[in-house]
Amino acid sequence: MRLSPDDMIFWQHGFVKINGTIVFTWALMLVLAVGSWLVTRRLSTDLRRARWQNLLEIVVTGIEKQIEDVGLRDPQKYIGFVGTLFLFVALASLCTVIPGYEPPTGSLSTTAALALCVLVAVPLFGIEEQGLGGYLKSYIEPTIIMLPFNVISELSRTLALAVRLFGNMMSGTMILAILLTITPFIFPIFMSALGLLTGMVQAYIFSILAAVYIAAATRQRTPRRNPAPKP
Amino acid sequence: MLIDWFTVGAQALNFIILVWLLRRFLYKPILHAVDAREELIAKELAEANAKKAEAKKERDDFERKNVEIDQQRAGLLSKATTDAKAERQQLLDEARKAADALSAKRQQALQEDASNLNQALRRRTEQEVFAIARKALTDLAGISLEGRMTGVFIDRLHAMDAKAKATLADCVKAASEPAVVRSAFALPTEQRAAIQMALEEAFSTQVRVRFETAPDLVSGIELATKGQKLAWSIADYLSSLEKGVGELLKEKARPGAKAALAGQPGEPEEKNP
């Protein structure tokens, strides 16, 4: 029994190999990119618009709103990173309804890669926002004694991100596989539905945590949005 | 081993590529479209607001003009009413004046008619009386009317009361000019002598007399001296007739007189069976 789509190897040449994870990822990338291109090549800017454009506008503006709610003042700057995390993880979970498909997020390699991306992106955004000194200074806040703890926190949360997503996706697939062998009728459908739900929740959690980390790195001491005085 | 490091690298690269692709094909176009639509809506709202403001302004203008027009109309109406009243009053006055003038003219014409009729009647009556009297006197006595007229004149002279006779006598005596006896015709010599004699007898003095003919007298004889006059003519008798005719005409000129006469008692009453 395969624990992850990494084990599904299509082609290998020494260290380099093309496995199920990479292939399914490419498929998802293809779906996302081509789907987006198909819809956005004929965008209308007036009040009438196509259904697919409407759907994508809802998704994009929803993600933008969520990023803004986390506390990032310029959501359009971060939507490329955070939104892609969400869409990729969410689509990877949604596609589990397709027979023979295995979510690439069910591979610890994928989740680790995503977590590493977050690990790299957070300092980059932080440095971009408040400069290298300002960002590095955040590691010795409130005292220099906190430096190792901050570094450990940074690493551990990356690990947590990777393992959380992997665990959830993998377990969903595993439970489905196991249930199919025990009770092949009806019950796996509920579990599959539950898997879809947990997949969406995980996508939301992963992207929101990434946004929170970025927000923490970019506005260390800036207060949360001041509510505008009501007239 | 759960982690395949080549796969991790490949997935990270894949993810970065996916971020780029979605940025290129999804987020930017969609966000651009949304921004453009928001801009469009904001623009349309602003235009709508501007139009609304303009419409409000125009409505205010219209209402203000309406009020002005109403006021002007009311002013014009009241002015026209006043003018019309004044014009009416003026026309009425003019009509009244014209009616009065017409009435006065008619009255005058009526009076003139009456006067002409009077004159004609008088002349006619005088002529008739003269003719009748001449005829009657000629038929009866066989003497001429002039002779009888002289007789009447002399009778009158004698019949004068004493006071009048004295006054006339004083005048005749005091006059430097001779007394004038006018008659409508030339008197014959014997009648002249009779008149001379009668005058002298009446005034008991020598009287110088000059005889004149005055055709306008029509008929009659008069004695004039220093402002005093003794006359007999048919005019004397006609004066009363003239007066009566004049009164009759006046009565005719009064339109109410006839109506008043019509309502007098004595009319035959209708009796019910």
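Given the structure is predicted, the values throughout are model-derived calculations rather than measurements. All chains are named by letter (A, B, ...) in the order of the sequence lines, taking the proteins before the strands, and each is independently numbered beginning at 1.
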Peer 1: Under 4.5 Å heavy-atom distance to chain B, tell me which part of L114(A) shows up: side chain, backbone, both or neither.
Peer 2: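 Side chain only.
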Peer 1: What part of I41(B) is in contact with chain A, defined as an atom under 4.5 angstrom from a non-hydrogen atom: side chain, backbone, both or neither?
Peer 2: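 Side chain only.
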Peer 1: Heavy-atom pairs under 4.5 Å with chain B are the metric here; pick the option from S36(A), A33(A), S44(A), G35(A) that has the most.
Peer 2: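 Of the options given, most contacts go to S36(A).
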Peer 1: Would you mind checking which part of R49(A) comes under 4.5 Å of any heavy atom in chain B, side chain (CB onward), backbone (N, CA, C, O), both or neither?
Peer 2: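 Just the side chain, heavy atoms under 4.5 Å.
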Peer 1: Counting neighbours of CZ on R64(B) that are heavy atoms of other residues, nucleotides or ligands and sit closer than 6.0 Å, is the number greater than 12?
Peer 2: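 Counting other residues, nucleotides and ligands, CZ of R64(B) exceeds 12 neighbours.
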Peer 1: For F10(A), look at atom CZ and say whether over 12 heavy atoms of other residues, nucleotides or ligands are found less than 6.0 Å away.
Peer 2: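 Yes, CZ of F10(A) has more than 12 neighbouring heavy atoms, counting only those of other groups under 6.0 Å.
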Peer 1: Within residues 11-18 of chain A, which positions have a heavy-atom distance to chain B below 4.5 Å?
Peer 2: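 So far as heavy atoms go, F15(A), V16(A), K17(A) are the residues that approach chain B to under 4.5 Å.
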Peer 1: Identify which part of L43(A) has an atom lying under 4.5 Å from any heavy atom of chain B, answering side chain, backbone, both or neither.
Peer 2: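 For L43(A), side-chain heavy atoms alone lie under 4.5 Å from chain B.
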Peer 1: So what's closer than 4.5 Å to chain B heavy atoms on L85(A): side chain, backbone, both or neither?
Peer 2: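 Contact with chain B involves both backbone and side-chain atoms of L85(A).
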Peer 1: Do any of residues 105-113 of chain A have a heavy atom less than 4.5 Å from a heavy atom of chain B, and if so, which, in residue order?
Peer 2: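 The residues closer than 4.5 Å to chain B, in numerical order, are L108(A), S109(A), T110(A), A112(A), A113(A).
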Peer 1: Heavy-atom pairs under 4.5 Å with chain B: which of L87(A), V59(A), L38(A) has the most?
Peer 2: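 Option with the top pair count is L87(A).
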Peer 1: Carefully, step by step, assess W26(A) and I17(B) under the rule side-chain contact (heavy atoms from CB on, under 4.5 Å).
Peer 2: CA-CA 10 Å; W26(A) 283 348; I17(B) 292 169; over 6 Å; no
Peer 1: How long is the span from the OG1 atom in T21(A) to the CG atom in N14(B), to the nearest 0.5 Å?
Peer 2: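 If we round to the nearest 0.5 Å, T21(A):OG1 and N14(B):CG are 10.5 Å apart.
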Peer 1: If you draw a 6.0 Å radius around CZ in R41(A), do more than 12 non-hydrogen atoms from other residues or ligands fall strictly inside?
Peer 2: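 Yes - once you tally the heavy atoms of other residues, nucleotides and ligands closer than 6.0 Å, there are more than 12.
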Peer 1: Can you tell me how far apart CG (D7(A)) and CG (D4(B)) are? Round to the nearest 0.5 Å.
Peer 2: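 Result: 9.0 Å between the selected atoms.
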Peer 1: Please state whether the side chain, the backbone, both or neither of L116(A) comes within less than 4.5 Å of a heavy atom of chain B.
Peer 2: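 Just the side chain, heavy atoms under 4.5 Å.
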Peer 1: Less than 4.5 Å apart, any side-chain heavy atom of I3(B) and any of F166(A)?
Peer 2: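 Answer no - side chains too far apart.
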Peer 1: Which residues, numbered in order, of residues 117-129 of chain A come under 4.5 angstrom of chain B by heavy-atom distance?
Peer 2: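 Near chain B, by residue number: C117(A).
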Peer 1: Tell me the residues of residues 21-39 of chain B whose non-hydrogen atoms fall below 4.5 Å from those of chain A, in number order.
Peer 2: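 Interface residues of residues 21-39 of chain B: L21(B), L22(B), R23(B), F25(B), L26(B), Y27(B), P29(B), I30(B), L31(B), A33(B), V34(B), D35(B), A36(B), R37(B).
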